[in-house]
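Working notes for the structure below.
Letters go in sequence order (proteins before strands), and every chain restarts at 1.
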Number of protein chains: 2
Amino acid sequence: MQRTSSNKSLILIVEDEPSQMELLSFNLNAEGYDVLKAEDGEEGLLLFKEHDIDLVLLDWMLPNISGLEVCRQMKRSKNSKDCHLIMLTARGEEEDKVRGLDMGADDYIVKPYSVKELLARVRSGIRIRSAAKGADTLNYGKIKMEINRRSVKVDNKAISIGPLEFKLLQVLLESPKRVFSRSQLLEKIWTENLEVETRTVDVHIGRLRKAIKSVSDDNLVKTVRGFGYSLDDST
Amino acid sequence: MQRTSSNKSLILIVEDEPSQMELLSFNLNAEGYDVLKAEDGEEGLLLFKEHDIDLVLLDWMLPNISGLEVCRQMKRSKNSKDCHLIMLTARGEEEDKVRGLDMGADDYIVKPYSVKELLARVRSGIRIRSAAKGADTLNYGKIKMEINRRSVKVDNKAISIGPLEFKLLQVLLESPKRVFSRSQLLEKIWTENLEVETRTVDVHIGRLRKAIKSVSDDNLVKTVRGFGYSLDDST
DNA sequence: ATTTTATGTAACAATTTTGTGACAAATCAA
DNA sequence: TTGATTTGTCACAAAATTGTTACATAAAAT
């Protein structure tokens, strides 16, 4: 089985029954997705607003707010291009399917479902969305870069960096754990201006680190004394 | 219930059995879709290349080329982002579903299917795609554009902008959050006159901003220093 | 322990990028 | 035609980025 890629997509599960939740989150984790859990509709909507979710698995039967209502609110709030919503339900009633899909759900799976099929539908959903976005994303560890949005997130929180730091991070992200010498980085990034001191790289690495540290304590940007720098999430 | 848009969506049916074909095309026509028919994979691929198809209904069992192969070829071709593909099959085998979805199908319906459910899935598929396509209204955040009426509203209040600013906003609205470089915008908007300074873009962005600001305080048009501009409603 | 070397980083000046008013040319409407 | 609107460019101001230096730390070598 081919693994989709190294990008972690963020999936929100809204499901009130613990055993179902466990089953889903275990399998999705095993496939390499990041998972958020919500036990009812309100919590689900809250998490949905706070995070940049790629795909939602939404149970139809929920305490308080119904799944259908949650679906409608989610689809109304965000740009629907960005998030795929799969309804998950015990009912097989055709009318329900039709209502769910017409309410904005992108897919519909009937319980009891096969885990393999569910995972295949999840992959398909993720694929649809990333095609719509333009699918230019790099990630490693807690860092997620969306190139055509020029956005970088660490721990799902956006950081703001200048163009050179962006390019620098991009080069590092394209080959995580690889050590780049200062002159290699100069060649790759300062393509126009060749008259630059190697120490300049240090300064920009510092600026990149500062930006990352402003939202997360981990130091992903490692110094390899005598050689250069690399991205590395090991201890 | 909102109608998706006034333009008819174009659906391609690839199905070798006449009775099935009849059933599908009759119902889809009744719903207001334009329908193209193909009786085997080759004809299907041909029509797919020639037309700007919004959605494909693809039978699994076909003479000559298998549906799976047709699916892969369609999804490989360039405009696949814009087209939703639903596999249609007599088999209920789980492995087949998984293979079909992993091969690029966006959805999967098992025969015998309910016509209502099929239509709902078709609507859902069209809706997913129509975000990218030329729907005659574009929305993002507080901005609402009605293309054929040439009207733009922010916070439900109309603003008045010139043709160029309109086009500019349209391009931005079609891919919210995506950052466009000045030269990309020049290519997309100043298609006739190539002899234009990139700084001209800045001026028009400024004019667009002024128009928006005249009715709303939010600044949706963001500058991404060193790269270009984008529409973005995040803080 | 001391020296040498490599790296981190604050601070500053130079450079680049962007925002915007002004204005003339071009276009359009009547 | 006239008058209004739209468009492209420029000039200058404002803002952000960038490269360098100088000094502080840290690691390695002696």
Side-chain angles (χ1 to χ4, degrees), chain A residues 150-152 158-172 179-214 217-232, chain B residues 150-152 158-172 179-214 217-232:
Chain A
R150 299 269 127 81
S151 105
V152 178
I159 65 174
S160 141
I161 55 181
L164 269 182
E165 279 85 47
F166 190 93
K167 268 187 164 179
L168 179 56
L169 181 57
Q170 185 177 352
V171 168
L172 294 175
V179 180
F180 291 91
S181 72
R182 290 170 177 72
S183 30
Q184 283 176 319
L185 292 171
L186 282 177
E187 278 175 24
K188 280 183 178 287
I189 297 162
W190 280 261
T191 42
E192 357 257 308
N193 183 5
L194 306 171
E195 318 283 316
V196 182
E197 305 285 327
T198 59
R199 289 305 311 279
T200 302
V201 176
D202 299 14
V203 177
H204 283 281
I205 286 282
R207 286 169 182 161
L208 182 53
R209 280 177 174 150
K210 196 158 89 175
I212 292 173
K213 198 156 59 185
S214 73
D217 285 330
D218 283 317
N219 180 18
L220 282 288
V221 182
K222 295 275 162 59
T223 302
V224 182
R225 203 156 228 276
F227 294 99
Y229 299 97
S230 74
L231 266 194
D232 195 330
Chain B
R150 306 234 109 210
S151 97
V152 178
I159 64 174
S160 140
I161 54 181
L164 269 182
E165 280 85 44
F166 189 90
K167 263 187 157 184
L168 180 56
L169 181 57
Q170 184 179 353
V171 168
L172 294 175
V179 178
F180 292 91
S181 71
R182 290 171 176 73
S183 29
Q184 284 176 319
L185 292 171
L186 282 177
E187 276 175 25
K188 281 182 178 284
I189 297 163
W190 281 261
T191 42
E192 3 257 308
N193 183 6
L194 305 172
E195 316 284 316
V196 182
E197 304 285 326
T198 59
R199 290 304 310 279
T200 302
V201 175
D202 299 7
V203 177
H204 283 281
I205 286 281
R207 287 169 182 162
L208 181 53
R209 280 179 174 148
K210 197 158 86 175
I212 293 174
K213 198 155 60 184
S214 72
D217 285 331
D218 283 313
N219 180 17
L220 282 291
V221 182
K222 295 271 163 64
T223 302
V224 182
R225 214 150 223 277
F227 295 106
Y229 298 98
S230 73
L231 269 194
D232 195 331

Does [X] make a side-chain N or O approach to OP1 or OP2 of [N] shorter than 4.0 Å?
X         : N       : value
Thr223(A) : dA6(C)  : no
Arg225(A) : dA28(D) : no
Arg199(B) : dC10(D) : no
Trp190(B) : dG8(D)  : yes

Is the closest side-chain heavy-atom distance between His204(A) and Tyr229(A) below 4.5 Å? no

How close or far is atom [atom2] of [N] from atom [atom1] of [X], stated in whole angstroms?
X         : N       : atom1 : atom2 : value
Arg209(B) : dT18(C) : CZ    : P     : 11 Å
Leu168(A) : dT18(D) : CG    : C1'   : 13 Å
Glu195(A) : dT15(C) : CD    : C1'   : 16 Å
Arg182(B) : dG8(D)  : CZ    : C1'   : 16 Å
Asp202(B) : dA15(D) : CG    : P     : 16 Å
Lys213(B) : dG19(C) : NZ    : P     : 11 Å
Tyr229(B) : dT20(C) : OH    : P     : 9 Å
Glu165(B) : dT20(C) : CD    : P     : 14 Å

Any salt bridge between Lys213(A) and Asp218(A), counting N to O under 4.0 Å?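 Judged by the 4.0 Å cut-off on N to carboxylate O distance, Lys213(A) and Asp218(A) do not form a salt bridge.
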
5'-most by nearest nucleotide on DNA chain D - Ile161(B) or Pro163(A):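 By nearest-heavy-atom nucleotide position, the 5'-most residue is Ile161(B).
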
Here's a test of your reading of the structure: between Glu197(A) and Glu197(B), which maps to the more 5' nucleotide of DNA chain D? Glu197(B)

Does Arg207(A) reach a base, just sugar-phosphate, or nothing at all? Heavy atoms under 4.0 Å. base

With a 4.0 Å cut-off on heavy atoms, is Ile205(A) in touch with a base, just the backbone sugar-phosphate, or nothing at all?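 Contact class for Ile205(A): none.
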
I'd like to know if the side chain of Thr191(B) and the backbone of Lys188(B) have a donor-acceptor N/O pair within less than 3.5 Å. no

Candidate nucleotides [options], ranked by approach to the side chain of [X] - the nearest:
X         : options                  : value
Lys210(B) : dT9(D), dT20(D), dG21(C) : dG21(C)
Leu164(A) : dT18(D), dT7(D), dT20(D) : dT18(D)
His204(B) : dT7(C), dG8(D), dT20(D)  : dG8(D)

Apply the side-chain hydrogen bond (donor to acceptor under 3.5 Å, both in side chains) test between Arg182(B) and each candidate in Asp202(B), Thr200(B), Thr198(B); give the one that qualifies.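 Only one of Asp202(B), Thr200(B), Thr198(B) forms a side-chain hydrogen bond (donor to acceptor under 3.5 Å, both in side chains) with Arg182(B), namely Asp202(B).
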
Please report the C-alpha distance between Lys167(B) and Val171(B) in whole Å, then the side-chain angles of each, then the deciding distance to 0.1 Å, and finally whether the side chain to side chain contact (heavy atoms under 4.5 Å, CB included) criterion is met. CA-CA 6 Å; Lys167(B) 263 187 157 184; Val171(B) 168; 5.6 Å; no

